[in-house]
Every structure is written in structure tokens, then in C-alpha cells.
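Everything on this sheet refers to the single structure shown next.
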There are 2 protein chains.
Amino acid sequence: MTYANALAALADPTRRTVFERLRGGAKPVGEIANGLTVSRPAVSQHLKVLKEARLVTEYRDGTRRFYAIDTQGLEAVRKYLDGFWDEALTRFKAFAESEEPRRGKRKGKSK
Amino acid sequence: MTYANALAALADPTRRTVFERLRGGAKPVGEIANGLTVSRPAVSQHLKVLKEARLVTEYRDGTRRFYAIDTQGLEAVRKYLDGFWDEALTRFKAFAESEEPRRGKRKGKSK
DNA sequence: CATTTGCGTAAGTCATAGCTTACGCCTATC
DNA sequence: GATAGGCGTAAGCTATGACTTACGCAAATG
């Protein structure tokens with residue numbers, strides 16, 4: 001059930017920011033934390049969560065710890081989401097959209 | 001930023017259960033809540049969150065409210081995740097994997 | 001028109017998640 | 001071998017989110 005951990009990990013905004021900072025490639029913790037509003041220990045804690053969710057990998061070089069994106073967690077989430085694109089689902093969706101207007105008022109407001 | 005709401009919505013286990021119950025097609029609230037460990041009002045609150053995240057749509061039939069999966073939220077998340085599959089990323093991943101063993105100990109243990 | 005069915009919403013409780021500061025462990029360097 | 005850099009972890013605080021019960025509203029039903 002890695003997809004569950006990955007979803008929970010990606011749900012937090014600052015943790016997503018940490019994760020997104022790894023887009024360009026592997027970075028040590030200090031560099032990741034630099035410029036963020038939260039403290040460096042907070043970043044360490046986020047990285048721990050991301051690691052357990054298979055979203056990042058870690059390797060050490062001297063005194064530093066480099067973190068890089070791990071595609072395992074991403075793939076797990078992707079697979080989970082793909083399970084909702086069944087033809088049965090989209091077929092129903094088409095049905096609902098043609099049925100709904102007859103029922104009456106759809107709430108057009110966004111938020 | 002719908003993907004952010006969708007990720008937050010899918011992070012909760014019981015909310016995911018609610019969402020997954022819509023796989024077979026649209027269902028009224030009572031039917032969704034039936035068999036779950038949480039109360040029906042709790043389900044209503046979850047559906048509200050899912051709706052704001054564009055993960056479900058709602059339409060009414062008499063006194064009932066039917067909920068069905070909305071692919072908008074799913075697509076938003078999918079797009080977000082796809083942004084991490086850049087060639088630059090996978091290229092780096094290959095680099096890291098060839099570089100890492102030389103550095104020494106990789107932590108092979110899972111949890 | 002009173003009652004029932006099917007919901008959403010309000011209010012309040014409780015657990016948890018994210019943050020901080022303080023501390024301690026490695027590794028490198030002098 | 002002492003010092004400094006780079007992190008992870010522990011402990012504690014606080015906000016938030018998931019739940020409950022109580023209530024109220026709209027549509028169907030008699």
C-alpha cells in the first residue's frame with residue numbers, strides 16, 4: 001500500500017515544495033532547506049516521510065546526505081489513479097452528464 | 001491548483017474508501033455510508049471535500065443526492081505527477097544509481 | 001397538510017500532524 | 001585528538017481535521 005503513504009506525503013504543501021526542489025536533481029538537505037520558511041529539522045522530517053513513501057532516495061557523500069526523487073512512489077500513485085479510468089466509469093460519466101440537466105439545477109458555482 | 005485539493009482529499013483513508021465506492025457508478029449518500037464504520041454525516045462531509053476537489057460530481061433525484069466520480073480532479077493529479085517524469089529526472093536517476101554504490105552503503109532495508 | 005425519507009450543516013470533542021528548539025552523532029579538517 | 005560542518009532525532013507546543021450528536025430543510029407520500 002505504498003500509494004497510500006505517497007498520497008499522504010504529497011498532501012502537505014511544504015512537503016510538496018521540498019519534493020519539487022528535487023526536480024533539478026539530487027540536493028543535500030541544507031540546500032533544500034535554504035530559502036524555505038521552515039527550519040532545517042522540519043525539512044529533515046519531511047524527507048523522512050517522503051523516503052518512507054518511496055518518493056525519494058538517499059545517499060551519503062561525506063557529511064552530507066543527498067536526496068533525489070524516487071519514481072517508485074510516483075508509479076504507485078499513478079497506478080492507483082489509473083484504476084478509476086475504466087470504460088465503465090467514463091461511460092457512466094457520459095450518461096450522468098446527459099441525465100443531469102433534465103433533473104434540474106446543477107450548482108455552477110465553483111467554491 | 002486543483003491538484004493540491006485533490007491530493008489532500010485523497011490522503012484520508014476513509015475518504016478514499018468513500019471515493020472508491022463510486023467505482024461501480026453513481027450512488028446516493030445513504031448507500032455509500034451503508035456498511036462504513038463512520039456515520040452518515042461524516043460521509044457527507046467527505047463528499048463535500050471530494051466535490052470541491054473536483055473528484056466527484058453531484059446530481060439530485062427527488063430527495064436523494066447521487067454522487068459520481070469526476071475525472072477532472074484525477075486528471076489534475078495525473079498531470080502534476082507526470083511533471084516529475086522528465087528525461088532530466090530519469091537521466092539523473094541513472095546517474096545516481098551508478099554513482100551510489102561507489103560511495104558505499106546503501107540502506108537496503110525497507111521499513 | 002402532516003409525516004417520513006434523505007440529506008446537509010452547526011457545534012463541540014479529540015487525536016494527530018507539522019512546527020520549533022535543544023541536543024547528539026558522524027565525518028572531515030586542522 | 002580537538003573543532004567545525006551537516007544532519008537526524010527527541011520533546012513539547014499548537015493548529016487543524018476527522019469524528020460525533022443534534023438540528024433543520026426539501027421533496028415525496030399518505
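Worth knowing before you read on, the calculation uses all heavy atoms, side chains too, and leaves out hydrogens, waters and symmetry mates. Letters A, B, ... mirror the listed sequences (proteins, then strands); counts begin at 1. If you're wondering where the values come from, they're calculated on a predicted model, not measured in any experiment.
At distances below 3.5 Å, at least one donor-acceptor pair connects side-chain atoms of B:Arg16 with backbone N or O atoms of B:Leu10.
Separating the CZ atom of B:Arg64 from the P atom of D:dA28 is a distance of 11 Å, rounded to the nearest angstrom. Distance, A:Glu58 CD to D:dG6 P: 16 Å, rounded to whole Å. Atom pair A:Leu47:CG and C:dC19:P shows a separation of 12 Å (rounding to whole Å applied). For B:Leu10 and D:dA18, the CG to P distance is 12 Å, given to the nearest whole Å. Distance B:Asp12 CG to D:dC19 C1': 10 Å, rounded to the nearest Å. Atom CG in B:Asp61 sits about 14 Å away from atom C1' in C:dT5, given to the nearest Å. In this structure, NZ of B:Lys48 is placed 7 Å from P of C:dA10, rounded to the nearest angstrom. The distance from atom CG of B:Asn34 to atom P of C:dC7 is 11 Å, rounded to the nearest whole Å.
The residue A:Pro28 sits close only to the backbone: its heavy atoms come under 4.0 Å of sugar-phosphate atoms, none of a base.
Minimum interatomic distance between A:Ala6 and A:Gly73 (heavy atoms only, all atoms of both residues): CB-O, 4.0 Å.
Of the candidates D:dA22, D:dC19, C:dG18, C:dG18 carries the atom nearest the A:Thr14 side chain, counting heavy atoms from C-beta on. The side chain of A:Val38 lies closest to C:dC19 when the candidates are C:dG6, D:dT9, C:dC19. Residue B:Ser39 has its side chain nearest to D:dT21 when only D:dT21, C:dT20, D:dC7 are considered. In this structure, the nucleotide among D:dC7, D:dT9, D:dT20 sitting nearest to the side chain of A:Pro41 is D:dT9.
Comparing A:His46 and B:Arg40 along DNA chain C, the residue whose closest nucleotide (by nearest heavy atom) sits nearer the 5' end is B:Arg40. If you find the closest nucleotide of DNA chain D to A:Thr63 and to A:Gln45, the one lying nearer the 5' end belongs to A:Thr63.
To the nearest 0.5 Å, atom OH of residue B:Tyr80 and atom CG of residue A:Leu74 are 9.0 Å apart.
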Can you list, pair by pair, the side-chain donor-acceptor contacts under 3.5 Å of residues 26-42 of chain A, counting residues two or more places apart and other chains?
residue : atom : partner : partner atom : Å
A:Lys27 : NZ   : A:Arg21 : O            : 2.8
A:Ser39 : OG   : A:Ala42 : N            : 3.4

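A heavy-atom distance below 4.5 Å is not found between the side chains of A:Tyr3 and A:Arg78.
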